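Quantities reported herein were computed from a predicted structural model and do not represent experimental measurements.
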Amino acid sequence: MRITLLSLLFLYTLNIFAQSEGRLVRGTVSFISAQNIYIKFENTTGIQVGDTLFVSRNNILIPAVKVLNLSTTSCACTEVNKTGLTLSTPIYGKVKEMVKPAQPSPGKVEEPKSANDKTITEIGQFEKSKMTKSHFDGKLSFSTYSNFSTSMTDHRLRENLSFNATHFNDSKFSAESYITLTHKANEFSSIGQDVKKYLKVYSLALKYDFSSSTNLTFGRKINMNMANIGAVDGLQFETTHRDFTYGAVAGSRPDYFDYGFNPSLVQFGVFAGYSKQSANGNVQASLALFNQLNNFKTDRRFAYFQHSNSLIKNVDFFSSFEFDFYTLKNGLPASTIDLTSAYLSLRIKPWKTFSFLVSYDARKNIYYYETFKNQIDSIIDRESRQGLRFNFNFRPFKNLTWGGSAGYRFQKSDPVPSINANNFISYYQIPGLLVSLTLNATYLKTTYMEGMVYGTSITRDMFSGKMYSEFQYRMVDYMYTSSNTKLRQNIGQISLSLRATKKLTFTADFEATFENQNNYQRLFVNITKRF
């Protein structure tokens, strides 16, 4: 679901002071787009839509982002404070849990601790607490995706089951899973005949902790230190010594077509990482070397390097590179050194109310195994990702935010450069109405199309944050330059999210697209039960 920046700012003012105490869970920034920031966790159990996530500055938790949407292992968020987030920045969430009160030793009286002292203790002992506490949580959800048009109707059902069992029965074993079953309403009888077509295992792993710093994982899992290679089926070894982390991976890649187990896609590699908290932020670097095979023949051999730092106050730098060391020349294997992927970003906040980011993206395009984006959102996402990009955010008044971005891309395969630009203005907590309003416009010019998208959205929180609603309207006016065919759409969207109980949520989203000859409607309904 597409939710604008304004909704986050509105929710932030209502809920930031209501964050309850709880254990800390740690994630990292995995991707930054023009509108959202994506946070990767080992699992998101205990995190809910509307929660505030924090960064640590000098051992003090500072509100950073608000959760808009989440899956089992990641959250889509928007900033509530300009804290200079970059890729790999550590992010902390507070998860509620029932904790038995500690009993002071006989004859001793516990001295009260301030909230900041508790925060310092929690961050300093975060990794240790994961080792010593036995914890189980999970999530079961049921979703329906319905598409209606003048020519066809399609209904899809999806059941999700995920859980995370940390040191069950106080042992050194932990387990995690994220499993989905997706099918049409009339395909129940076919599931048993072709399970791999409908059942997808995105994570299913068992971990054994030799100590608080060394562990071995078996099964399917995405390693946070090597997220760029995706899921690994096999063994993953990892050990930490002070500020350094080392590890090795041996196994295979999921099948390209059905995401099942494919032992012929062997891969193995090693990685090393360094992370240290400085006075101004986090300093991080990692290096991974990998060899991937196809039908037991080398298919790719490459190195991945990533570095980020905040050594200068209010300045954040991030870079990542991939180098390939293997190629085929005249059908014969040969060694080479080719830069096949690069990303650089520099974020500067010269004043409290203003920040800007300059980035260069030469990474490969992302191909989604599963996506529910509509046509225009898919086009914008694909065409605006690569190239040189500039973003800015200005907050001249407490309730007013103005921001935008501009991108330029020129590739050898493109006859002409691609240009994109976006501008938005948001006002939240409109007096008397208690709603938030955002106006935005997006311009896109590619080798095959050119046009504008104009939009507005209104959001509101109700019933002390238990219900969230949004209305959104967009007008699409594009021209396919090669055929002089126009794409004109009016898109309306209504979203509703209700937290019925502490662990039961209901979400509904209806989107209608109107064209000259065709009309399309999409309905998404979800019920999620946490346990």
Between the main-chain N or O of [Y] and the side-chain N or O of [X], is there a donor-acceptor pair closer than 3.5 Å?
X    : Y    : result
D324 : Y326 : no
S497 : T507 : no
K197 : Q193 : no
N169 : S171 : no
R253 : N294 : no
E450 : Y480 : no
N295 : K297 : no
T446 : Y448 : yes

Does NZ or CZ of R156 lie under 6.0 Å from the centre of the six-membered ring of Y145, at an angle within 45° of the ring axis?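 Judged by the rule, R156 and Y145 form no cation-pi pair.
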Does NZ or CZ of R158 fall inside the cone over Y198's six-membered ring, less than 6.0 Å from its centre and within 45° of the axis?
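No, R158 does not lie over the aromatic ring of Y198.
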Measure the shortest side-chain to side-chain distance between [X] and [Y] over non-hydrogen atoms and say whether it is less than 4.5 angstrom.
X    : Y    : result
F41  : C75  : yes
C77  : Y38  : no
Q267 : V232 : yes
L293 : F268 : yes
M467 : L496 : yes
H183 : I191 : yes
H135 : F168 : no
F210 : L216 : yes

Exercise for the section: Walk me through it: do N440 and R474 pass the test side chain to side chain donor-acceptor pair (under 3.5 Å)? Expected result: CA-CA 9 Å; N440 61 75; R474 286 184 292 171; over 6 Å; no
Exercise. How far apart are the C-alpha atoms of F136 and F531, what are their side-chain angles, what is the distance that settles it, and do they pass the side-chain contact (heavy atoms from CB on, under 4.5 Å) test?
Worked result: CA-CA 8 Å; F136 179 85; F531 53 87; 3.6 Å; yes
Which word best sums up how the rings of [X] and [Y] line up, parallel for under 30°, tilted for 30 to 60°, or perpendicular for over 60°?
X    : Y    : result
F290 : F302 : parallel
F148 : H155 : perpendicular
F321 : F305 : parallel

Without hydrogens or angle criteria, can the side chains of [X] and [Y] be said to hold a donor-acceptor pair below 3.5 Å?
X    : Y    : answer
N526 : T528 : yes
S359 : S345 : no
Q521 : N147 : no
R522 : S146 : no
Q236 : N223 : yes
E176 : Y178 : no
N164 : T166 : yes
S495 : D509 : yes
N262 : S264 : yes

Where is the tightest heavy-atom contact between [X] and [Y], given as atom of each residue plus distance?
X    : Y    : value
A248 : F271 : N-CE2, 3.9 Å
R220 : Y259 : NH1-O, 2.8 Å
S177 : L204 : CB-CD1, 3.7 Å
N391 : S405 : ND2-CB, 3.4 Å

If you apply the rule side-chain contact (heavy atoms from CB on, under 4.5 Å), what do you find for V453 with M475, and how did you get there? CA-CA 6 Å; V453 179; M475 183 180 70; over 6 Å; no
Passes side-chain contact (heavy atoms from CB on, under 4.5 Å), V29 versus I39? Steps please.
CA-CA 5 Å; V29 178; I39 313 298; 3.7 Å; yes
[atom2] on [Y] to [atom1] on [X], rounded to 0.5 Å:
X    : Y    : atom1 : atom2 : value
L206 : S174 : CG    : OG    : 8.0 Å
M449 : S483 : CE    : OG    : 10.0 Å
E322 : R363 : CD    : CZ    : 10.0 Å
T442 : M452 : OG1   : CE    : 7.0 Å
R460 : S469 : CZ    : OG    : 7.5 Å
Y478 : K445 : OH    : NZ    : 13.0 Å

Next on the checklist: Is the distance from the ring center of Y473 to that of Y454 below 6.0 Å?
Outcome noted: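 No; Y454 has its ring centre 6.0 Å or more from that of Y473.
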(Q) Aromatic contact between Y92 and F54, with the criterion being ring centroids under 6.0 Å apart: yes or no? (A)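 No.
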Salt bridge (charged side-chain N to carboxylate O under 4.0 Å, His left out) filter on K184, not counting sequence neighbours, yields D154
Got more than 12 heavy atoms from elsewhere within 6.0 Å of NZ, K486?
no
Requested in this report: Mind running salt bridge (Lys or Arg N to Asp or Glu O under 4.0 Å) on K172 and D209 for me, showing each step along the way?
Outcome: CA-CA 5 Å; K172 293 186 177 182; D209 290 297; over 6 Å; no
query = When you look at N160 and I179, which way does the side-chain contact (heavy atoms from CB on, under 4.5 Å) test go after all the steps?
reply = CA-CA 6 Å; N160 287 16; I179 302 172; over 6 Å; no
